Amino acid sequence: MDVKYYLRERFFPHLWCAGCGHGIVLNALIRAVDSLAIKKKDMVMVSGIGCSSRISGYVDFHSLHTLHGRALAFATGVKLSKPSLNVIVPMGDGDALAIGGNHFIHAARRNINITALVMNNRTYGMTGGQFSPLSGVGTKATTAPYMNIDREFDTVELASAAGATFVARTTVYHVKQLQSMLKKAIKHDGFSVLEVLTQCPTYFGRKNRKGSAVDMMNNYRDTTVPIGSDKKKENPELIERGIFVDKNLPEYCQAYADLVERASA
Amino acid sequence: MAKKITFVQGNEACALGAMYAGLDFYAGYPITPSTEIAETLAVTMPAAGKKFIQMEDEISSMCAIIGASLTGNKVLTATSGPGFSLMQEALGYAVMAEIPCVVVNVQRGGPSTGNPTHVSQGDVNQARWGTHGDHSIVALSASNHQDVFRMTVEAFNIAEIYRTPVILLFDEVIGHMREKLIVPEEGEIPLVARLRTSLKEGVNYHPYLPREDGRLPMSDFGDVHRFNVTGLYHDMWGFPTDKPELVQDLLRHQINKIENNVHKMTFYKSYFLEDARTVLISYGSAARSALSVVKQRRNRGESIGLLELNTIWPFPAELVRECTQHADLVAVVEMNVGQLTQSVRLAVGDQQEVHLINRVDGQMIIDKDIKKILRILQGRGI
Amino acid sequence: MAKKKKLKKHVINREWCKGCGICVAVCPKNVLELDKKDKAVAARKQDCIACQLCEQICPDLAITVMVKYVEESASGDK
């Protein structure tokens with residue numbers, strides 16, 4: 001496949017730091033869209049603010065770069081007004097779950113057919129490395145110099161509890177799994193959440209002595225396991241990868257179409 | 001065909017006007033005293049195959065209508081003070097990204113939760129400067145239901161012509177009061193459809209390159225032209241830029257498209273202004289009381305008149321100057337501490353002293369209130 | 001007869017490569033390395049098995065592994 005067919009080449013090299021995992025997400029996303037054979041004109045990327053949100057400007061789809069935390073709200077308007085479009089919303093951890101937390105749970109509750117990517121690098125990269133709601137207790141950040149005391153969300157549990165009908169997690173180390181989950185998430189008829197652990201070597205890595213981008217990726221290899229792995233029973237600290245929720249419930253745009261039929265009867 | 005005569009709330013008149021204008025998509029969150037707009041549309045929109053969604057808050061409501069506008073729809077949200085505050089960031093986004101949309105603010109007392117079920121006109125300057133950064137904005141008002149309907153339709157028209165958000169600045173009295181509305185027949189008020197590019201697939205389309213007449217043809221998300229929309233300063237393709245000349249050009253364009261066309265979007269009513277020595281200026285429900293005073297005084301032979309502004313922003317300074325230049329006394333009647341009075345003062349400059357006749361206790365200003373202050377201003381004692 | 005994927009050539013976009021070294025680390029055959037300017041180069045092409053992992057994991061989208069499909073011979077290539 002020709003990756004460049006999907007790229008807005010004049011903006012490359014992209015603005016992400018060397019070794020940033022976000023580029024791997026972009027790489028995998030393009031391959032997923034290509035293998036699903038979705039036309040570019042049927043794709044809409046809606047993003048918020050932050051390093052992650054810049055992904056929408058690099059792809060040759062309809063792209064809507066919005067406000068911090070509000071991407072899912074804009075996306076809801078796009079999708080409900082034109083349900084034939086495929087809407088993907090890439091978000092950072094702060095974008096999705098701090099300032100955008102309310103929109104996140106409500107989009108999940110409605111089960112509107114949008115693909116939400118939570119690109120979790122455990123920090124606010126664009127503003128220089130402050131702690132996010134996914135940083136976790138004991139991490140360091142420019143705004144947590146004495147170590148973070150804020151507990152973190154579990155994105156998977158949060159999305160599941162909020163009613164998302166497809167919930168999965170993987171990392172940028174596991175690119176094949178990333179591609180396959182992206183495909184499944186896009187194809188899923190309902191609100192899908194894919195959490196991707198993606199390294200920020202510049203801020204999170206440096207502040208927390210996680211080494212180089214390669215070290216951080218190897219860390220994803222070593223600290224994550226497939227769902228149900230025996231290793232997890234021995235070591236509860238390990239993070240599970242895989243599809244946690246995949247169910248069919250009435251999708252919002254379809255439910256609305258049914259409502260219109262009732263109302264006009 | 002006989003005209004349809006209804007007896008409705010102002011909020012219902014607004015909803016009816018929006019449907020007449022071709023409303024496709026509504027997103028909102030309940031808030032007094034605007035809720036009846038949503039309640040009316042929740043009934044009528046699905047029945048007409050249009051999209052209605054109740055969002056999780058006013059922030060998301062404003063964002064959702066912007067998203068829906070980009071797929072080619074006429075969009076609306078309605079709220080009141082606190083909700084309007086929450087919408088400010090996204091309102092600025094609509095200014096920057098030049099997204100047609102209409103926002104109703106049925107004003108109540110503020111700041112904060114204030115006086116939810118009582119009237120105020122305290123959001124006049126928030127409508128003008130509520131979102132951050134240099135920008136221009138359009139805000140319309142009305143004092144009766146016929147005008148509520150008409151201004152709602154005009155709001156959609158202006159939004160489409162200038163690719164801008166338009167605010168409908170109503171107030172609690174107008175929103176909740178019931179009176180007669182004669183629903184205009186189809187075609188009676190002209191409607192402006194979205195201007196879409198005629199460029200074919202493969203031809204370079206510039207979503208942010210104004211035509212010679214200043215208008216910017218749009219292309220719907222889902223159509224053949226793929227472009228970027230951002231709240232950052234951007235080039236003619238919609239991609240972020242910080243080049244000083246492009247930044248300045250964009251800012252100027254966004255301001256000039258409004259400020260250079262003030263006359264084209266100024267709606268007003270003048271009552272007995274030809275020979276008026278005393279000129280009252282008012283808008284919204286306050287203008288009903290002002291008109292009542294003017295009529296009473298005219299009956300007694302006083303040369304008094306009223307300029308009722310339906311367009312609040314961009315401020316029709318020239319019109320105000322013309323209407324006041326031969327006056328001995330100019331007074332603005334409004335239910336706030338003088339928000340529009342400031343603009344009137346700026347407009348007339350040293351030529352006139354401009355007085356404020358107001359009430360800010362949550363009660364509608366009535367003819368007696370105005371007459372009391374007028375007597376003092378005219379040197380006729382209490 | 002089954003077809004086998006074989007390397008035609010590595011195309012590395014030196015302008016896009018930021019030299020993070022991820023491709024070097026993930027290559028199962030140690031084909032890639034960073035040159036003096038910290039740009040990825042295919043230093044041991046002959047070892048490449050055309051798995052394209054480097055292409056798919058490159059965060060800069062700077063690597064294309066061009067492949068050809070050849071008839072798999074009974075004796076194998078090596």
Side-chain angles (χ1 to χ4, degrees), chain A residues 1-32 34-35 51 55 58-59 119 121 170-180 182 196 198-202 205 211-221, chain C residues 2-45 47-72:
Chain A
M1 68 153 299
D2 180 15
V3 173
K4 287 184 176 172
Y5 172 73
Y6 294 94
L7 294 181
R8 289 164 170 161
E9 279 187 65
R10 65 184 171 109
F11 301 112
F12 281 76
H14 56 54
L15 58 57
W16 295 309
C17 303
C20 171
H22 291 359
I24 305 175
V25 178
L26 171 61
N27 195 330
L29 179 71
I30 286 171
R31 288 166 204 278
D34 183 71
S35 69
C51 295
I55 201 169
Y58 293 126
V59 286
M119 294 156 69
N121 61 9
T170 187
T171 86
V172 290
Y173 177 84
H174 305 88
V175 269
K176 295 282 186 190
Q177 185 177 45
L178 176 57
Q179 288 168 21
S180 116
L182 278 164
V196 186
T198 160
Q199 72 277 1
C200 172
T202 303
S212 67
V214 170
D215 295 332
M216 292 179 83
M217 288 190 65
N218 288 337
N219 194 47
Y220 289 143
R221 177 194 62 204
Chain C
K3 293 210 169 181
K4 200 179 175 194
K5 208 158 66 166
K6 285 200 73 176
L7 174 72
K8 231 158 88 183
K9 68 171 172 179
H10 296 94
V11 181
I12 297 174
N13 187 333
R14 292 178 65 83
E15 279 181 33
W16 292 12
C17 172
K18 291 181 177 141
C20 64
I22 289 173
C23 58
V24 177
V26 299
C27 177
K29 294 292 177 187
N30 196 26
V31 171
L32 298 149
E33 63 184 37
L34 295 182
D35 67 10
K36 281 180 190 160
K37 291 188 169 170
D38 267 351
K39 303 286 179 187
V41 287
R44 288 165 289 276
K45 308 185 180 97
D47 295 341
C48 177
I49 53 170
C51 71
Q52 293 172 299
L53 185 58
C54 57
E55 173 181 329
Q56 294 178 42
I57 209 163
C58 173
D60 300 324
L61 294 89
I63 305 176
T64 309
V65 181
M66 298 181 75
V67 295
K68 57 189 170 190
Y69 291 88
V70 293
E71 297 289 335
E72 203 165 5

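In what follows, every chain begins at residue 1, and chains take the letters A, B, ... in the order their sequences are listed. Just so you know, these numbers use all the heavy atoms, side chains as well, and skip hydrogens, waters and symmetry mates. Fair warning: this is a prediction, and the values are worked out from it, not measured in the lab.
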Inset, instruction - Mind listing the closest non-hydrogen atom pair of A:V214 and C:G21 along with its distance? - result: CG2-O, 3.6 Å
Inset, instruction - Check each atom of A:V25 against the heavy atoms of chain C and say whether the ones under 4.5 Å are side chain, backbone, both or neither. - result: neither
Legend entry - Side-chain (A:H14) to main-chain (C:W16) donor-acceptor, under 3.5 angstrom: no
Inset, instruction - Name the region of A:E9, side chain, backbone, both or neither, that has any atom closer than 4.5 Å to a heavy atom of chain C. - result: both
Inset, instruction - For C:K18 and A:W16, work out which heavy atoms get closest and say how close. - result: NZ-O, 2.5 Å
Inset, instruction - Against chain A, label C:N13 side chain, backbone, both or neither, depending on which of its atoms sit under 4.5 Å from a heavy atom there. - result: side chain
Inset, instruction - Determine yes or no for a side-chain-to-main-chain donor-acceptor pair under 3.5 angstrom, with C:D60 supplying the side chain and A:I24 the backbone. - result: no
Legend entry - C:I57 vs A:N27, side-chain contact (heavy atoms from CB on, under 4.5 Å): CA-CA, chis, key distance, verdict: CA-CA 7 Å; C:I57 209 163; A:N27 195 330; over 6 Å; no
Inset, instruction - Give the minimum heavy-atom separation between C:C20 and A:A18, together with the two atoms involved. - result: CB-C, 4.0 Å
Inset, instruction - Check each atom of C:Q56 against the heavy atoms of chain A and say whether the ones under 4.5 Å are side chain, backbone, both or neither. - result: both
Legend entry - C:K45 NZ: over 12 foreign heavy atoms closer than 6.0 Å: no
Legend entry - Atom of A:G23, atom of C:L61 and distance for their closest heavy-atom approach: O-CD1, 3.7 Å
Inset, instruction - Examine whether an atom of A:L7 lies under 4.5 Å from a heavy atom of chain C, and if so say whether it belongs to the side chain, the backbone or both; otherwise answer neither. - result: side chain
